[in-house]
Amino acid sequence: MESFPHDKHVLLGVTGSIAAYKSVLILRRLMEAGARVTVVMTSSAQQFIAPLTFQVLSRRPVYTSLFDPSDEIRHLTLAEQVDLILIAPATANIIGKIANGIADDLLTTLVTASRAPMVMAPAMDGDMWNYPVLQRNLSVLDGLGVHIVPPEEGLLASGKEGVGRLAPEEKILSAVLSRLNRREDLAGETVLVTAGPTQEPLDPVRYLTNRSSGKMGYALARAARGRGARVILVSGPTHLPCPANVERALVQTAAEMRDAVHRYFPETTLLIMAAAVADYRPRLRSEQKLKKEASTLFLELEPTPDILADLRSERGDRIMVGFAAETGNLLKRARAKLEQKGLDLIVANDVTQEGAGFDLDTNIVTLMNARGETTALPKLSKAETAERILDEIVKLKAGSRPKDRTLR
Ligand code: CTP
């Protein structure tokens with residue numbers, strides 16, 4: 001795990017879940033790592049665990065109330081002082097309140113007053129986790145840049161099996177660390193990311209597409225934004241919410257994606273083509289729904305524009321990154337694409353490997369740069385994979401451009 005930055009002040013919000021006792025272990029881990037931790041408890045959290053436990057272990061007062069006449073304006077001072085707010089466990093109630101801007105106790109008022117980054121680790125019963133309103137609230141928070149550490153599957157307090165168990169301490173700690181260690185090393189860059197599949201219509205109700213979910217491209221957009229870049233996301237059809245503070249253009253076909261990329265290319269300093277662009281489209285698009293008349297139906301397909309390859313001559317000193325999803329001969333094929341499309345970096349993955357590829361939350365990729373150097377990354381979450389890809393891009397940028405060009 002990365003090292004904990006020096007002298008960071010973490011606010012640990014504890015809410016009323018049976019998992020509240022696990023916050024004690026999280027507190028201890030944070031302190032062992034060298035963080036200063038101030039604990040704020042909601043009133044229902046105190047039904048599960050006493051403030052004294054946190055007070056003794058954190059060696060600091062535990063705050064539980066908005067109205068304490070002996071103190072300064074606590075929600076404002078604490079809100080300004082902390083480097084990060086971690087809410088673990090986070091109940092459906094606190095998620096609903098924060099997603100909707102309600103501030104009716106110390107913790108929610110503090111969150112409203114603070115601009116510190118926030119990490120939330122939900123824990124609740126499986127049926128509550130699947131409640132559509134809760135999921136909508138989580139999407140709102142995710143869109144606002146809150147880092148959600150999802151609960152895991154297992155035995156729940158109700159005795160049922162399901163998703164709702166608080167994520168393991170390791171995962172919560174590593175989310176806290178990655179937020180605290182976040183670098184602004186893409187400040188001044190305009191990053192254009194493409195994501196998702198394209199759909200190539202056959203008739204008004206049918207289209208040709210592929211299995212891309214868009215998750216890798218969206219993770220890259222979010223990570224680049226987190227590192228200070230202006231980010232434009234050109235996205236094929238997906239169900240993913242637009243990441244916070246990212247400009248998004250929605251497209252359907254490869255031709256529309258090409259047009260959108262060309263529109264934003266002049267202002268772009270770094271292009272990451274993570275989209276799974278269809279290579280062929282039906283030569284004719286029927287205006288009417290095709291009828292089941294013939295015993296065999298032949299489709300005539302024509303190639304779509306190769307967006308990356310076509311930009312080769314106009315690229316200037318932009319950094320160009322492509323993806324190669326393969327089912328064999330990974331490095332050879334990735335290298336051929338890198339050369340043919342004139343890329344600085346290609347992100348190659350073998351989609352037949354377990355834990356890699358479409359519609360998963362993890363990926364296993366190999367990075368190859370224009371010098372042919374490769375870095376094989378282990379199986380990582382798509383968020384972590386995105387960070388590693390950006391680390392590599394930052395290295396390339398430092399090597400390829402004079403220092404005064406890196407900030408514009
Ligand atoms: N790409 C593109 N335009 C296309 C097809 C692909 O810009 N019409 C981009 C993809 O976004 C990706 C890279 O090119 O970054 C490689 O895509 P891939 O489909 O793996 O490669 P192809 O060149 O299409 O080769 P093949 O499908 O034969 O493997």
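Just the heavy atoms: all of them, side chains too, but no hydrogens, waters or symmetry mates, feed the values below. All ligand and atom numbering here is 1-based and tracks the order in the structure.
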Checking heavy atoms under 4.0 Å, the part of P305 that sits near ligand 1 is backbone
For K397, is there an ion pair with D344 - N to carboxylate O distance below 4.0 angstrom? no
inquiry  = So that I can tick it off, tell me whether R29 and E170 are bridged by a salt bridge, with the cut-off set at under 4.0 angstrom between side-chain N and carboxylate O.
reply    = yes
- Run the contact test for A254 against ligand 1 with a 4.0 Å cut-off on heavy atoms, strictly below, and give the result. no
the protein heavy atom lying closest to atom 24 (O) of ligand 1 turns out to be D279 OD1, 2.8 Å
Problem - Any side-chain heavy-atom pair of L192 and V234 under 4.5 Å - result: yes
Less than 3.5 Å between some nitrogen or oxygen of L308 and one of ligand 1, yes or no? yes
Check: Without hydrogens or angle criteria, can the side chains of E267 and T190 be said to hold a donor-acceptor pair below 3.5 Å?
Finding: no
Under 4.0 Å between heavy atoms, the region of K337 that gets near ligand 1 turns out to be side chain
request  = Could you tell me whether some N/O pair between M273 and ligand 1 is separated by less than 3.5 angstrom?
outcome  = yes
Original post:
Any salt bridge between E326 and K337, counting N to O under 4.0 Å?
Top reply: yes
protein heavy-atom neighbour closest to atom 3 (N) of ligand 1 works out as I307 N, 3.0 Å
The protein heavy atom nearest to atom 13 (C) of ligand 1 is F323 O, 3.1 Å
A student comparing G322, A275, G217 should find that the heavy atom closest to atom 10 (C) of ligand 1 comes from A275
Here the atoms of ligand 1 under 4.0 Å from any heavy atom belonging to T304 are 8 (N)
Within the 4.0 Å heavy-atom cut-off, what K341 brings close to ligand 1 is side chain
(Q) In the structure I gave you, are the side-chain heavy atoms of L331 and M368 within less than 4.5 Å of one another anywhere? (A) yes
Looking only at protein heavy atoms, what sits closest to atom 2 (C) of ligand 1 is D306 OD1, 3.4 Å
Are T91 and N93 close enough that a side-chain donor and a side-chain acceptor fall under 3.5 Å? no
Exercise. Look at E302 together with R283 and state whether they make a salt bridge at an N to O cut-off of under 4.0 Å.
Key: yes
